[in-house]
Amino acid sequence: MKLSRRDWLGGFAAAGAGALLGGRSLAQTPRKTKLINVHHHLTSPAYVKFLQDNKVRQFPNKSAQQGLEEMDKAGIDTAVCSIIGPGIHFGNLAETRRMARAC
């Protein structure tokens, strides 16, 4: 049977990985599952004030520490922060830039 170069290299790589793992399969390798929240809201004080001053939206304002405590309770290791709606652009470009920097 003739092996293609790709098949040969793939088999060679698998044999090398097996040697590095000491005969253990990848499925047997213990590892910690990391949880990532990809929709976490952490709102800057400037944005909270902006929304309240403009009567856009009311919501409970949580500190960064409270957010970290909630993540710990849920077993979340990493969070990707996003700004709550309605966003930061309301027609005034200078205000939008200022708010983006503050957030």
Once side-chain contact (heavy atoms from CB on, under 4.5 Å) is applied, do any residues pair with [X], and if so which ones, sequence neighbours excluded?
X	value
Asn54	Phe50, Val56
His89	Thr96
Arg98	Glu95

By salt bridge (charged side-chain N to carboxylate O under 4.0 Å, His left out), Asp53 pairs with (sequence neighbours left out) Lys49

Tell me the salt bridge (charged side-chain N to carboxylate O under 4.0 Å, His left out) pairs involving residues 80-92, sequence neighbours left out? none

Is there any salt bridge (charged side-chain N to carboxylate O under 4.0 Å, His left out) pair reaching into residues 80-92, and which pairs are they, with sequence neighbours excluded? none

On a heavy-atom basis, which atom in Gly75 and which in Leu35 lie closest, and how many Å separate them? O-CD1, 3.4 Å

Please find the pair of heavy atoms, one from Val80 and one from Ile36, that lie closest to each other, and give the distance. CG2-CG2, 4.4 Å

With rounding to the nearest 0.5 Å, note down the distance linking CG in Leu51 to CE in Met99. 7.5 Å

NE2 (His40) and CD1 (Ile76) are apart, to the nearest 0.5 Å, by 8.0 Å

Kindly indicate whether the side chain of Asn37, heavy atoms from C-beta on, has any atom under 4.5 Å from the side chain of Thr78. no

Are the side chains of Ser82 and Val38 in touch, meaning some heavy atoms are under 4.5 Å apart? no

Any donor and acceptor pair, going by atom type alone, linking the side chain of Tyr47 with main-chain N or O of Gly87 inside 3.5 Å? yes

